Amino acid sequence: MKDETGSLYIADALIALSILFIALIMLNSLLSLPNPDYSDISNNPTDAQDVMEILAGKVDFNDHSFLSEITGILKDNRNSKKSIREVSQICDEKFSELKLTNYRFVESNELDSKILSDSGDFSKADSISVATRNLDGYSYTLYLW
């Protein structure tokens with residue numbers, strides 16, 4: 001009779017150990033699964049919103065942002081061709097300073113979608129990041145790819 005109860009205890013212990021072993025294997029496989037890395041999905045590490053925040057932020061002691069500077073030039077000169085060329089040159093310098101290679105910077109309200117600065121082949125862009133800021137009636141849009 002002792003042999004019969006002993007074998008039941010052994011069978012009960014084996015079942016408990018096998019359940020514990022299965023639970024440990026499941027936990028181990030759960031922990032070893034790779035997490036998806038969403039940063040691999042992004043083709044361009046520089047987002048247009050981030051760059052536009054830099055352009056719209058106040059950077060000097062006179063509390064003028066880049067966008068307010070170019071808006072002032074355009075507004076003071078009534079959107080003349082000379083002021084557009086000057087603003088285009090300032091934009092080219094700013095974007096080269098920011099080390100942007102594929103971009104297009106457009107004013108779409110007062111200048112009828114005039115491209116102020118661009119670099120790269122826009123027609124071959126497959127993933128485009130866009131940001132727009134409005135200032136004193138001017139609407140600036142930045143495209144990055």
Side-chain angles (χ1 to χ4, degrees), residues 6-145:
S7 62
L8 286 177
Y9 288 131
I10 292 173
D12 190 32
L14 286 176
I15 291 172
L17 286 174
S18 62
I19 291 174
L20 183 64
F21 182 69
I22 291 171
L24 285 174
I25 288 175
M26 288 173 52
L27 181 66
N28 187 28
S29 65
L30 241 169
L31 293 176
S32 65
L33 286 177
N35 283 339
D37 189 10
Y38 295 111
S39 65
D40 290 342
I41 296 171
S42 175
N43 294 329
N44 192 352
T46 306
D47 186 41
Q49 293 291 339
D50 296 336
V51 175
M52 192 59 93
E53 282 299 317
I54 292 170
L55 298 177
K58 297 182 181 193
V59 293
D60 61 11
F61 295 112
N62 296 330
D63 286 332
H64 293 293
S65 68
F66 175 78
L67 293 181
S68 65
E69 180 184 340
I70 62 174
T71 300
I73 293 169
L74 291 170
K75 215 172 198 182
D76 291 344
N77 296 307
R78 296 186 181 107
N79 302 329
S80 68
K81 290 183 180 182
K82 181 183 176 191
S83 66
I84 293 172
R85 280 193 303 270
E86 182 181 349
V87 165
S88 293
Q89 182 181 0
I90 292 170
C91 291
D92 289 341
E93 291 170 1
K94 185 66 171 180
F95 292 131
S96 67
E97 178 185 311
L98 293 173
K99 295 180 175 57
L100 298 177
T101 54
N102 296 317
Y103 65 89
R104 179 172 282 181
F105 189 63
V106 178
E107 198 294 317
S108 56
N109 193 28
E110 292 289 325
L111 303 178
D112 297 324
S113 298
K114 174 76 175 164
I115 298 172
L116 298 175
S117 181
D118 68 340
S119 176
D121 190 2
F122 190 72
S123 64
K124 293 183 181 179
D126 58 349
S127 176
I128 301 173
S129 176
V130 182
T132 301
R133 296 292 184 275
N134 298 314
L135 184 66
D136 290 340
Y138 291 85
S139 180
Y140 300 103
T141 304
L142 177 65
Y143 303 91
L144 292 178
W145 65 94

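Fair warning: this is a prediction, and the values are worked out from it, not measured in the lab.
- Atom CD of Glu69 and atom OG1 of Thr71 lie 9.5 Å apart (nearest 0.5 Å).
- Note that CG of Leu116 and CZ of Arg104 are 11.5 Å apart. Values are rounded to the nearest 0.5 Å.
- For the 3.5 Å distance criterion, the side chains of Ser117 and Ser88 fail to qualify, holding no donor opposite an acceptor.
- The shortest side-chain heavy-atom distance between Arg133 and Gln49 falls under the 4.5 Å cut-off.
- Between Asn77 and Lys82, every side-chain heavy-atom pair lies at or beyond the 4.5 Å cut-off.
- Closest of all the heavy-atom pairs between Ala56 and Ser65 is O-CB, 3.2 Å.
- Annotation: side chain of Ile70 is in contact with side chain of Tyr140 (closest heavy-atom distance under 4.5 Å).
- Residues Asn134 and Asn109 form no side-chain contact, since every pair of their non-hydrogen atoms from C-beta on lies 4.5 Å or further apart.
- The side-chain heavy atoms of Phe66 and Ile90, taken from C-beta on, include a pair separated by under 4.5 Å.
- Ring-plane geometry between Phe122 and Trp145 is classed as perpendicular, the angle between the planes exceeding 60 degrees on a 0 to 90 degree scale with a lower cut at 30.
- With hydrogens and angles disregarded, no donor-acceptor distance shorter than 3.5 Å links the side chain of Asn28 to the backbone of Leu24.
- Between Ser68 and Leu135, the closest side-chain pair of non-hydrogen atoms falls below 4.5 Å.
- The closest donor-acceptor contact from the side chain of Ser129 to the backbone of Ala48 lies under 3.5 Å.
- For the pair Asn79 and Tyr138, the minimum side-chain heavy-atom distance is below 4.5 Å.
- The side-chain heavy atoms of Tyr103 and Val51, taken from C-beta on, include no pair separated by under 4.5 Å.
- With rounding to the nearest 0.5 angstrom, the CG atom of Asp136 is 11.0 Å from the CG atom of Leu74.
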Working for side chain to side chain contact (heavy atoms under 4.5 Å, CB included), residues Leu142 and Phe95:
CA-CA 11 Å; Leu142 177 65; Phe95 292 131; 4.1 Å; yes

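- If you take CG on Leu20 and CD1 on Ile25, they are separated by 10.0 Å, rounding to the nearest 0.5 Å.
- For the atom pair OG (Ser83) and CZ (Arg78), the distance works out to 11.0 Å, reported to the nearest 0.5 Å.
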Run the side chain to side chain contact (heavy atoms under 4.5 Å, CB included) check on Phe105 and Asp92 step by step: do they pass?
CA-CA 10 Å; Phe105 189 63; Asp92 289 341; over 6 Å; no

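- Atom CD of Glu107 is separated from atom CG of Leu67 by 10.5 Å, given to the nearest 0.5 angstrom.
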